[in-house]
Amino acid sequence: MAQAEATLPSVRYVSQRRRLWRTFTQNRAALVGLAMVAIIVFVAVAAPLLAPHDPLEQSVVNRLTPPSEGYPLGRDDYGRDILSRIIYGARAALLVGIVSVAFGGLLGTAMGTVAGFRGGRVETTIMRVVDVMLAFPDLITGLLVAAVLGGGMTNLILAIGLTIAPRFARVAHGPTLSLKNKDFVEAARALGARDGRLLLVHIVPNVAGELLVLASLWTASAIRLEASLSFIGLGVQPPTPSWGQMIRDGTIHLTDVPLFSLAPGIALLLTVLAFNLLGDGLRDALDPKAQA
Amino acid sequence: MAVYALKRILLAVPTLLAVLTLIFIIVRVVPGDPATAALGDYASKEAVEALRQRMGLDKPLYVQYVDFLSGLLRGDLGRSLISSQPVIDQIRFALPHTIELAVAAILIGLVLGIPVGIITAVRRNTMVDYVGRVLSLAGLSFPAFYLGILLLYFFSVRWRLFPTLGAGNFSDPLANLHHLALPAISLGLIETAYIGRMTRSVMINVLGDDYVRTARAKGLSNRVVLLRHAFRAALIPIVSLVGIFAISLIGSSVLTEIVFSRPGLGRLMVGAIRQRDYTTVQSIMVIYACFIVFINLITDLVYGLVDPRVRYE
């Protein structure tokens, strides 16, 4: 090892992580995405400091007023400040987006890796279910599961998580099949490692990169799904501010207070775009071949 | 080709059966049971029992399953829990509107998306490519229903160019097209983003291949090289991905129908979900499932047409 280094003095060792970071930071779109995500997270966390008004404070006499002093985007059908509700809406969007992807991602990864690792009947059963679930578009699955579970934040997270899980299972399954026969896994097994350890320590970390990209892209989709289901009325329940719900309530008043519906849509669009940019950048950094 | 087609059709049957089974299971794991859910918590025991009998929920599960499948074979989707009308009648009314919307959106996506993909691939890393990529990523991030609302606001509310509600009558093609325009454009533009982005990356791969260089070396015109050599090869992955996009389009059409108050399967389903009309929900899911299996089948068949190799596998 030392000898090899001596004969090749010009080669400097660059750690994998360092190289990834370098490719990632060279991608301007990815950096923009990262910055946007950071800003949105900040807005969600600091909502009480940033929002000019209480998002739940009603004022019946001032309902559906156009933008005015102190209310830059106007007031909604209960006289609540639209800007403050959009700022607080970031909380629902991020909470549902991130928690449902974490839940669905963990469940799906477990399904995919266990199926690939165990093989046999376990694999056939799990992957058959995954295939059938993947046949449906995410919105239809989400709609059906949300309908079965009922509305509300927790059920919404469950519904979106269950919709996302098979997508992670599919991606985690393939590499597991080839990884489980690799020498380093055999070596660990020979040293007495149990199945659980083999999966968690030797297999999952090797699939982690792809799953991270998937997580970022699916956070974008989960936020879109949250808004879509809330738009239908199966998502976040009033009075908790949610962009999808605001867009729906505002649609009826498109003629008199268009910003009621259009402004939360812009927040939604930018948030989804931010996670898509981030995911794209991560993918390019992790797989230079895919870089177009 | 005939053997390949027959094989594909036969393979679709077990898939369809699996999907139908899953729908059957999901609708039956409703907490409590569908009858109580439909009638509400305050319904009398007798009323719930009567409804359970009417829905066949008092029978053993396997009998229900066989009834469900044999009903489907006879084209009987059961009756709505709310209106007691056969569900098939409602679906027969809604389905053409959804198909019309989906077909129009896919056509818009293909007609705009493929040229955009080819141009941005050929002009890689130029201003055209850059603008195209930014727009397509924005398109991917646009929730279809929000794009619909934006179009509705500008074209219907402000400029009054298009109607805001409903769908035209099929007997009046012009009015029908007028009603279809905005919903179809809102879904079609998003399709354009997906198809354009995918066409670009596939074309970039193909353009780097040896036979493209050979074709150029032979002195063929740029046009022939692009369309006959590169695009023909790129079509193979494009076909399978367009199938996937068509399926996800069915999902986004649900919200578009609601935004534009258009009759259609999606609006029917959301209405049924709100009223807890589980027979209708189940039936619409069945129709969606048939749709999806059908689109996959068509994708496989077209795949066989563009890539002769798969027919012999």
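Just so we're on the same page: letters track the sequence lines, and every chain starts at 1. Bear in mind the structure is a predicted one, so any value in this text is a computation, not a measurement.
In this structure, chain B has heavy atoms under 4.5 Å from both the backbone and the side chain of A147(A). With a 4.5 angstrom heavy-atom cutoff, L234(A) touches chain B only via side-chain atoms. Within the 4.5 angstrom heavy-atom criterion, only side-chain atoms of M269(B), from C-beta onward, approach chain A. For a residue to count as touching a neighbouring chain, one of its non-hydrogen atoms must lie under 4.5 Å from one of that chain's; by this rule I149(B) touches chain A with backbone and side chain alike. Of the atoms belonging to R158(B), not a single heavy atom falls under 4.5 Å from chain A. At a 4.5 Å heavy-atom cutoff, the contact between V19(B) and chain A is made by backbone and side-chain atoms alike. For a residue to count as touching a neighbouring chain, one of its non-hydrogen atoms must lie under 4.5 Å from one of that chain's; by this rule T255(A) touches chain B with backbone and side chain alike. In this structure, the portion of I23(B) lying under 4.5 Å from any heavy atom of chain A is its side chain and not its backbone.
Counting heavy-atom pairs closer than 4.5 Å to chain B, the top residue among V129(A), D131(A), L143(A), T251(A) is L143(A).
Side-chain atoms of Y146(B) never come within 3.5 Å of backbone atoms of S261(A) as a donor-acceptor pair (strictly under, hydrogens ignored). Under a 3.5 Å cut-off, the side chain of R224(A) and the backbone N or O of A144(B) do not form any donor-acceptor pair.
Salt bridge present: D280(A) and R197(B) bring a charged side-chain N and a carboxylate O closer than 4.0 Å.
Interatomic distance, CD1 of I250(B) versus CD1 of I140(A), reported as 7.0 Å (0.5 Å rounding). One finds the OG1 atom of T141(A) at 6.5 Å from the CE atom of M285(B) (value rounded to the nearest 0.5 Å).
Using non-hydrogen atoms only and a strict 4.5 Å limit, the part of residues 267-276 of chain A facing chain B consists of L268(A), L269(A), V272(A), L273(A), N276(A).
Pairs of residues two or more places apart, or lying in two chains, that qualify as ring pair (Phe, Tyr, Trp, His ring centres under 6.0 Å) and include a residue from residues 220-250 of chain A are F231(A)-F145(B).
A pairwise comparison of heavy atoms in L139(A) and G251(B) identifies CD2-O, 3.0 Å as the closest pair. I247(B) and P137(A) get closest at one heavy-atom pair: O-CG, 3.1 Å.
For F103(A), there are no ring-ring contact (aromatic ring centres under 6.0 Å, His included) partners two or more places apart in sequence or in a different chain.
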Could you pull out every donor-acceptor pair under 3.5 Å between side chains of residues 287-297 of chain B and any protein atom, sequence neighbours left out?
residue : atom : partner : partner atom : Å
Y288(B) : OH   : G266(B) : N            : 3.4
N296(B) : ND2  : I292(B) : O            : 3.4

